[in-house]
Amino acid sequence: MREANSGLLERELKHVLGSSSATQLEKAFGYNTVEQFLHHFPRRYVEVGELTPIAELPYDEHVTIVARVTNTSQRQMHSRKGFIFEVTVSDELDSNGQELRMTFFNGYQARNELQLDTVAMFSGKVSWYQDHLQLSQPDYAILDEASEADPRPIPIYPASAKMPSKRVRDLMGLVLDSLGEEDLPEFIPDYLLQEHGYTRRYQAYNDRHRPKELGHGYRARSRFAYEEAFLLTLSLAERRAVLGRQLAVARPYTSQGLADQFDERLPFELTEEQLHVGQEISSDLSRNHPMHRLLQGEVGSGKTVVALRAILQVIDTGGQAALLAPTEVLATQHFESIRKMLGPLAEPGLFGEGNGTGVALLTGSAKTAQRREALLGIASGQTGLIIGTHALLGEQVQFADLGLVVVDEQHRFGVEQRDALRAKAYTAVPHTLVMTATPIPRTVAMTVFGDLEVSTIRRMPFGRAPITTHLVPMQLPGYQQRLFQRMAEEVTKGHQVYVVCPRISDSRKEAGSQIAGAEAEGTEPMSVESMFELIHSIPLFNDARVEALHSQLRTEDKQAIMEEFADGTVDILISTTVIEVGVDVHNATLMVIMDAENFGISQLHQLRGRVGRGGLPGTCLLTTWLDADHPSVSRLRTVEASIDGFELAEADLAERKEGNILGVQQSGSRSSLRVLSVMKDRKIIERARHDVAELTQGKQWRALHPLLAETLNSWVDESTREFLDKN
């Protein structure tokens with residue numbers, strides 16, 4: 001007797017596949033239950049289709065062949081790490097036995113699977129190499145007698161050396177054979193399935209894992225993408241409904257208050273976008289429901305000014321605001337720049353000598369007296385704005401009337417940290433404004449932040465100088481020499497230079513080994529310590545003051561170095577990405593990023609935003625030892641060619657994929673998104689949002705669709721529900 005419905009899905013794999021196979025799957029992928037394994041979907045399919053004889057292969061076209069492995073070999077690559085696995089195959093469908101060579105770069109899986117006499121289907125683009133045709137990095141599927149005779153598409157699964165794709169196919173077939181339609185009940189309303197042409201759930205699993213036709217597999221993939229988009233959007237819709245029922249203290253605009261006085265003090269005019277976004281935030285603060293808004297904009301686009309105007313609006317109503325920053329460097333920078341912008345408005349009234357509000361800084365390294373003074377001002381209400389790091393979350397921090405929480409670089413904080421700060425408002429839920437300088441594509445924003453209103457500042461304020469970016473191929477000695485000359489030229493002009501390295505320390509003893517002869521195989525990325533020694537060894541920099549900055553330094557040392565760089569006494573700052581956000585030095589004009597391929601697109605864009613901030617043109621140099629045809633060089637070319645952060649964010653997302661949108665890391669979590677891609681599935685996401693909006697217009701949707709409600713409750717498991725509730 002088969003167990004009913006979810007009972008079989010929750011069964012441990014060992015009861016269906018046996019202990020040995022179940023153990024192998026757990027070691028390879030972390031799966032324990034039938035349901036987890038069922039969602040191990042194919043990456044793609046190989047279709048038998050029309051096979052091309054090796055003797056008739058057309059150059060520069062995509063072909064599919066069936067062949068037998070006749071020889072294998074392996075050789076190390078010279079210009080970079082890794083190896084090339086070469087396979088010679090003989091045409092299995094041609095009695096003449098024509099042969100073809102194939103190459104796999106770092107082909108660990110191919111080396112394990114493509115043994116002598118293995119018959120496989122190979123698919124790839126025909127290229128020319130050393131006077132003969134070859135397939136480079138082809139797709140392949142191991143065949144047996146049954147699959148050779150069956151024209152069905154062959155699913156290719158994410159695999160490992162000990163759990164190859166064919167083995168996954170065989171085990172998946174056993175699992176599917178054990179399931180009936182009653183084990184996979186449909187929870188998406190029938191009218192939506194019919195409207196969009198999606199198959200029911202049981203059939204969709206079979207079509208995805210063993211499609212009769214190629215189209216069946218990809219249509220099933222669309223159905224599962226829609227399913228995830230639908231459940232995610234429905235979760236966020238319920239989240240918004242809960243937020244809409246929460247109460248907050250309304251913080252309406254007050255004329256002639258600190259906000260107006262601040263506007264009068266500004267030495268520049270706000271842009272139209274800053275004014276528009278400011279009005280959106282002001283309207284949100286005026287309501288008696290908590291604001292939940294995301295403010296995104298390029299580095300230097302003026303987000304802090306917009307946030308400060310909102311903070312002053314809250315202070316004008318008698319409330320307090322907390323600004324949470326991810327690092328002490330950034331928190332201190334905010335404290336200094338905000339006090340400077342406020343001027344006399346940062347002098348508290350009532351108990352103080354001014355007519356403004358107190359502004360306090362609270363970090364982990366604060367001295368006892370400074371900490372005591374800050375805590376007293378916060379508790380008494382004399383301090384209207386508190387800027388700090390995780391230290392703001394401590395039990396000793398007690399607010400008189402916390403009305404607004406501003407979170408800078410929100411992706412750097414965990415859910416619990418953000419929630420701990422909001423929980424310090426005792427009377428009502430505080431308004432929340434989260435800021436990010438990492439541009440988020442529209443589809444990502446509406447999917448991931450479906451419970452937040454999104455405001456965007458695209459244009460840079462007047463006076464921001466352009467930044468030019470250049471790729472520096474370090475294999476060429478002339479470029480190495482020119483790189484250091486370029487740095488020395490900026491120092492001679494009285495400007496300052498950032499040098500960013502991927503690592504803090506290096507195992508090699510000789511600092512210069514990463515420059516001279518660094519093309520040798522196995523070279524590690526440049527480190528801060530090695531670069532520091534190297535710069536000191538070059539006569540060009542004999543008169544320059546060079547400092548190193550990284551996370552392993554003591555807090556007071558880091559702060560001292562940053563202050564010296566900010567006031568111009570340090571010429572060259574060699575650093576890790578600790579300077580990625582918040583560091584604002586107007587005299588810095590050159591950003592050198594060593595071994596730039598070690599950074600993502602958005603991170604490179606963030607880093608180069610540190611220069612060109614004082615009206616002086618900025619330059620960013622991206623160095624790499626990689627060959628011009630390396631895939632990572634293409635990423636660097638993308639950054640070189642565009643300064644549009646939103647365009648680059650799209651490219652970054654397309655390259656690295658979106659991972660787990662909900663932030664739930666457990667491999668067994670039901671709500672880990674396995675199929676949905678916010679880049680590929682924009683139309684599906686829009687469709688799901690429209691369907692959820694119509695469904696939730698009726699407040700009785702749970703009663704009308706009980707299985708959907710039950711599925712949503714189980715899909716949004718405890719960890720995800722906590723994420724949605726607190727985020």
Side-chain angles (χ1 to χ4, degrees), residues 5-6 9 35 39 181-182 184-205 207-208 219-246 289-290 292 294 442-454 658 660-664 669-678 680-727:
N5 297 336
S6 63
L9 294 181
E35 183 178 27
H39 286 93
E181 192 160 1
E182 68 274 17
L184 295 164
E186 184 56 68
F187 58 83
I188 293 178
D190 286 339
Y191 75 91
L192 291 177
L193 294 177
Q194 294 172 10
E195 180 180 338
H196 302 312
Y198 293 134
T199 55
R200 296 182 68 80
R201 203 155 170 248
Y202 173 75
Q203 187 60 50
Y205 276 108
D207 286 347
R208 189 75 173 105
R219 277 197 295 273
R221 188 259 171 212
S222 295
R223 180 245 144 84
F224 287 115
Y226 173 82
E227 176 181 306
E228 290 182 348
F230 188 81
L231 290 171
L232 173 59
T233 308
L234 188 55
S235 301
L236 292 171
E238 293 224 302
R239 158 74 171 160
R240 285 195 302 273
V242 170
L243 292 176
R245 293 192 293 270
Q246 289 181 335
H289 295 289
H292 287 82
L294 171 70
R442 177 177 176 273
T443 309
V444 182
M446 74 181 188
T447 304
V448 185
F449 300 104
D451 61 332
L452 294 177
E453 298 296 328
V454 181
E658 48 272 4
N660 186 342
I661 280 180
L662 291 179
V664 182
S669 170
R670 290 171 181 251
S671 47
S672 297
L673 299 185
R674 305 171 180 89
V675 180
L676 186 67
S677 165
V678 296
K680 296 178 182 177
D681 299 322
R682 295 173 183 233
K683 291 183 179 179
I684 291 177
I685 292 170
E686 293 279 9
R687 186 182 303 156
R689 285 173 61 85
H690 175 269
D691 293 343
V692 166
E694 287 195 340
L695 176 75
T696 53
Q697 279 181 353
K699 296 183 179 179
Q700 303 302 315
W701 74 265
R702 282 182 168 270
L704 294 173
H705 305 284
L707 190 54
L708 173 59
E710 181 183 337
T711 301
L712 183 67
N713 290 341
S714 61
W715 187 82
V716 183
D717 59 16
E718 183 177 349
S719 57
T720 303
R721 187 175 296 108
E722 182 178 341
F723 177 88
L724 291 171
D725 287 344
K726 295 179 179 179
N727 193 40

T199 side chain reached by R219 side chain, heavy atoms, under 4.5 Å: no

Looking at side-chain heavy atoms only, is the closest gap between E228 and I684 below 4.5 Å? no

Does the side chain of Y205 reach to within under 4.5 Å of the side chain of H39, using non-hydrogen atoms? yes

In D681, D691, I685, V675, the residue satisfying side chain to side chain contact (heavy atoms under 4.5 Å, CB included) with Y226 is D691

Give, for atom CZ of R689 and atom CZ of F230, the distance between the pair rounded to the nearest 0.5 Å. 13.0 Å

Which of these, L234, I188, L192, sits in a side chain to side chain contact (heavy atoms under 4.5 Å, CB included) with L708? L234

What distance do D190 atom CG and H705 atom NE2 have between them, rounded to the nearest 0.5 Å? 9.5 Å

For the residue pair A204 and A220, what are the closest heavy atoms and their distance? O-CB, 3.4 Å

Looking at OG1 of T233 and CD of E686, how far apart are the two atoms once the value is rounded to the nearest 0.5 Å? 10.0 Å

Q246 side chain reached by H289 side chain, heavy atoms, under 4.5 Å: no

Can you tell me how far the NE2 atom of H690 sits from the CZ atom of R687, to the nearest 0.5 Å? 11.5 Å

Between atom CD of E238 and atom CH2 of W701, what is the distance when rounded to the nearest 0.5 Å? 5.0 Å

Side chain of S714, backbone of T711: donor and acceptor closer than 3.5 Å? yes

Minimum heavy-atom separation for R201 and P185, please, with both atom names. NH1-O, 3.4 Å

Using a strict cut-off of less than 4.0 Å between a Lys/Arg side-chain nitrogen and an Asp/Glu carboxylate oxygen, indicate whether E227 and R223 qualify as a salt bridge. yes

Should L704 and L695 count as side-chain neighbours, where that means a heavy-atom distance under 4.5 Å? no

Just how far is it from atom OH of Y202 to atom CD of E186, taken to the nearest 0.5 Å? 14.0 Å

